[in-house]
Amino acid sequence: MIQLLFTVIFSEMAMILLFVFKTPSRKLLIMSLDRVKRGRGPVMVKTVAGTVFVVLMSSVYSMVKIQKRGVDGGGVVNPTDQVLMAKHLLEATLMGFVLFLGLMIDRLHHYIRELRIRRKTMEDVKKQNRSFEDGKVEETKALEAEASTLREKLKQLESELEVKTKEVNTSEANAIALSKQSEGFLLEYDRLLEENQNLRSQLQSLDLNFSRSISKKNT
């Protein structure tokens, strides 16, 4: 049994060394432990660990019994009990190492797997961030293109507004000139109308005088 325990301990130490160094063998070991922890694997491992723990407790109990016999025998332990005591102590120590190294392997496997999952998650997050940034850059370019188009339209509208403003100002100037010209025409019309009336009145007076002169000659 001692040789078996030494074999198990060396095997566990080799597994721990494989966990420590990043090699292809570590990937194979992790995949193997992943398969072991699926299905009935955890139950089997717990059963083996429980059996080893029970045997460990049995060895500790045997050591306590041997030590108690020595105390009852006046503190003298016979050679057989010494050999048994050394054997049980060695077995208990080896089984304790087996359980401890097994626990270390389980924790190392758990932490390495968690680390791989987190690295994969980080890579996915980085990819999402890159795609989001690319989409954001494209959206920014589209917005800039739309803004430049709107600026060009604004400049065009401003130029059209300036042209229309000039036309309106020209139309207003023409209207003012026409209104002034019409006022001049009205004044000239009034003057001509007044002269016409004066000429008519003079013509009437001349006609009247002429008729009077003709009537005097006839008399």
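We count residues from 1, following the sequence as given.
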Residues which pass side chain to side chain contact (heavy atoms under 4.5 Å, CB included) with [X], listed by chain and number, not counting sequence neighbours:
{"X": "E160", "answer": "Q156, L157"}
{"X": "E152", "answer": "none"}
{"X": "F6", "answer": "I2, F10, L94"}
{"X": "N196", "answer": "R200"}

To the closest 0.5 Å, what do you measure between [atom1] ([X]) and [atom2] ([Y])?
{"X": "E139", "Y": "E144", "atom1": "CD", "atom2": "CD", "answer": "11.5 Å"}
{"X": "T121", "Y": "Q128", "atom1": "OG1", "atom2": "CD", "answer": "10.0 Å"}
{"X": "L178", "Y": "F185", "atom1": "CG", "atom2": "CZ", "answer": "9.5 Å"}
{"X": "L4", "Y": "M95", "atom1": "CG", "atom2": "CE", "answer": "11.0 Å"}
{"X": "L203", "Y": "N198", "atom1": "CG", "atom2": "CG", "answer": "12.5 Å"}
{"X": "I16", "Y": "S11", "atom1": "CD1", "atom2": "OG", "answer": "11.0 Å"}

Residues, nucleotides or ligands: over 12 heavy atoms within 6.0 Å of [X] [atom1]:
{"X": "M44", "atom1": "CE", "answer": "no"}
{"X": "E188", "atom1": "CD", "answer": "yes"}
{"X": "E146", "atom1": "CD", "answer": "no"}

Practice task
Group every Ile, Leu, Val, Met, Phe, Trp and Tyr by side-chain heavy-atom contacts under 4.5 Å, then state whether M13 and V8 land in the same group.
Solution key: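 Yes, one cluster joins them.
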Would you be so kind as to tabulate the donor-acceptor pairs closer than 3.5 Å made by side chains of residues 102-116, with sequence neighbours excluded?
from, atom 1, to, atom 2, distance (Å)
D106, OD1, K37, NZ, 2.8
H109, ND1, K37, NZ, 2.9
H109, NE2, D34, OD1, 2.7

Practice task
May I ask you to test the T170-N174 pair for a side-chain heavy-atom distance under 4.5 Å?
Solution key: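 In short, these two side chains touch, coming nearer than 4.5 Å.
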Problem - Heavy-atom side-chain proximity of Q204 to L208 below 4.5 angstrom - result: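 Sidechains of L208 and Q204: no contact.
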For [X] and [Y], which heavy atoms make the closest approach, and how far apart are they?
{"X": "T47", "Y": "V43", "value": "OG1-O, 2.7 Å"}
{"X": "V60", "Y": "A92", "value": "CG2-CB, 4.5 Å"}
{"X": "L5", "Y": "E91", "value": "CD1-O, 4.0 Å"}
{"X": "A49", "Y": "L99", "value": "O-CD2, 3.9 Å"}

Problem - Exam field: side chain S58 to backbone V54, donor-acceptor pair closer than 3.5 Å - result: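 Absent.
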Practice task
Take M15 and L33, measure what side chain to side chain contact (heavy atoms under 4.5 Å, CB included) needs, and give me the verdict at the end.
Solution key: CA-CA 11 Å; M15 291 173 68; L33 291 176; 4.2 Å; yes
Exercise for the section: Let me see the working for Y61 and M57 under side chain to side chain contact (heavy atoms under 4.5 Å, CB included), right down to the final yes or no. Expected result: CA-CA 6 Å; Y61 179 72; M57 290 296 102; over 6 Å; no
Handout entry: Set of residues satisfying side chain to side chain donor-acceptor pair (under 3.5 Å) with respect to E195, sequence neighbours excluded
Key =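 So E195 forms a side chain to side chain donor-acceptor pair (under 3.5 Å) with R191.
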